[in-house]
Amino acid sequence: MIDNPLIEKYFNNTLNEKELDEFNSLYKTNSNFKSEVEFIKNLKKVTEHQDNENFKKQLQSYDKALSNKHKKKTWLKPLMASAAIIAVIICISFIFNNSINEDALFSSYFEPSKNVTFPIVRSDTNVGLQNDAFIAYSENNFETALNLFESSYKNTNNSELLFYEGNALLALGKTNDAILKFKEHLNYSDRLSNRTHWYLALAYVKNKDLRNAKLQLQLLLKSKESFKNKETKQLLEKIE
Amino acid sequence: MEQHYVDALKTENHFLIKELYNTNRNAFLNFAKQYYIAEMDSIDIYQEAFISLRKHAISGKLYDIKCTLKTYLFGIGKHLIYKKIKENSLRTNFDSAIYKVNDVYDEIQIEIENELTEEQLILQYYFKQLGKSCQQMLTLSFYRGLTNEEIATLEGYESEAVVRSQKSRCLKTLRDLIGKYPKK
């Protein structure tokens, strides 16, 4: 284990000069210390390698989405010109009536919540519905995750699952369903209840319902929850 | 420098990363066309350049550069394009000098990624057996160099102490796996 704080500081680049001397001396004289440092060095390399591989897959998924979009669009070409004209008219009226671009606001603030509930296990043996749900969720496979969360909620009545269901719905663009799910979650008081205000507010922003969005952001601030505190204040300023 | 994109690359803000990726993608593919690179290769090169861009964001290099992110990204891309031309020319005896194109992007050299050693490959095998949250925890801590406080904020853990104990549990699980199922 990293029982020695010097090792942790070394990998965070936060050793001061005195600590660095101590680190070097231990590295030379203490074989356990040295092997721990070497283990973490290798682990660092492995995590870097793995992280880059995952990132590459993420980029490939962007490309895939782009080419699918392109394929879908080809038959639409004759309609594009008229659609463009209508879009310009809508944009002009939008600019004159409202200077807030809700879609852009939503996109810049929304990211599905991380899994902070259930440490998942990857194994060939079946370790449960909830585990599978969170695996699908962590892989952005929201359709599958949603079904699994629903079944898992029926079995366990774990109200925190509603929070993730809401997030999956929001990520899938099913904003109205997400709003209903988050409201359902707010009937319970669990570790994630306050966080639901943030995602519910974003869902309202997406639906251009800024009055309710403001209300949810204010509720989050009142709850004294530190989660997204800076972003909550920023967003409130932007929509006020 | 577009600070918010640099932060997004470091903290995995998928929406902003996607926006940055999509915004520059077509321009890069057109840029690569000048070098007669096939589109499939151009996409691959663009992704490699993007991965390097993120590495430089994580290591803090991007905070010191004076140009735009696009210029930097295309500079790395140009380096990778030359590398590709060189590879191709080895196969076809082609003179890459004729590919010299005048453009506004200075080539940016990047470090060659070393392959994993045998010891690291074994460690990688066990690392992949860990749950996603443990993999993420160790990655944030060791590769990204985030402090426990930063991980708590980013991942929504209650406190620094929770991160510390979770990280310790993950390392123990990894060591137990290595001890329990030594790879032949």
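Proteins come first, then strands; the chains are lettered A, B, ... in the order of their sequence lines, and each starts at number 1.
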Tell me, side chain or backbone of [X] under 4.5 Å from chain B's heavy atoms, or both, or neither?
X: A:Lys44; value: both
X: A:Glu139; value: side chain
X: A:Phe39; value: both
X: A:Asp51; value: both
X: A:Asn13; value: neither

Hey, which of [options] has the most heavy atom pairs under 4.5 Å with chain A?
options: B:Asn114, B:Asn22, B:Thr117; result: B:Asn22
options: B:Thr153, B:Thr139, B:Ile43; result: B:Thr139
options: B:Glu155, B:Arg54, B:Glu48, B:Lys132; result: B:Arg54
options: B:Lys55, B:Glu19, B:Glu119; result: B:Lys55

(request) Compute the ring centroids of A:Tyr27 and A:Phe33, then answer whether they are less than 6.0 Å apart. (result) no

(request) Give a yes or no on whether the ring-centroid distance for B:Tyr72 and B:His56 is below 6.0 angstrom. (result) yes

(message) I need the A:Tyr109 OH to A:Gln234 CD distance, nearest 0.5 Å.
(response) 4.0 Å

When [options] are compared by non-hydrogen pairs under 4.5 Å with chain B, the top option:
options: A:Asn42, A:Asn115, A:Thr14, A:Val116; result: A:Asn42
options: A:Lys9, A:Lys41, A:His49; result: A:His49
options: A:Asp63, A:Asn12, A:Val46, A:Leu43; result: A:Asp63

Heavy-atom proximity to chain A below 4.5 Å, by part of [X]:
X: B:Leu140; value: neither
X: B:Ile51; value: both
X: B:Leu138; value: both
X: B:Phe50; value: both
X: B:Arg144; value: side chain

(message) Please identify which of these residues, A:Phe118, A:Tyr199, A:Phe227, A:Tyr153, meets the ring pair (Phe, Tyr, Trp, His ring centres under 6.0 Å) condition with A:Phe163.
(response) A:Tyr199

Please check if any side-chain donor atom of [X] sits under 3.5 Å from a side-chain acceptor atom of [Y], or the reverse.
X: A:Ser193; Y: A:Asp190; result: yes
X: B:Ser141; Y: B:Lys167; result: yes
X: A:Tyr164; Y: A:Thr117; result: yes

(request) Measure the shortest side-chain to side-chain distance between A:Glu8 and B:Asn148 over non-hydrogen atoms and say whether it is less than 4.5 angstrom. (result) yes

(request) Over 60° means perpendicular and under 30° means parallel, so classify the ring planes of A:Tyr137 and A:Phe142, tilted if in between. (result) perpendicular

(message) Among A:Gln58, A:Gln50, A:Lys56, which residue satisfies the side-chain contact (heavy atoms from CB on, under 4.5 Å) criterion with A:Asn54?
(response) A:Gln50

(message) What I want to find out is whether A:Arg191 reaches A:Glu225 closely enough, with some N-O distance under 4.0 Å, to be called a salt bridge.
(response) no

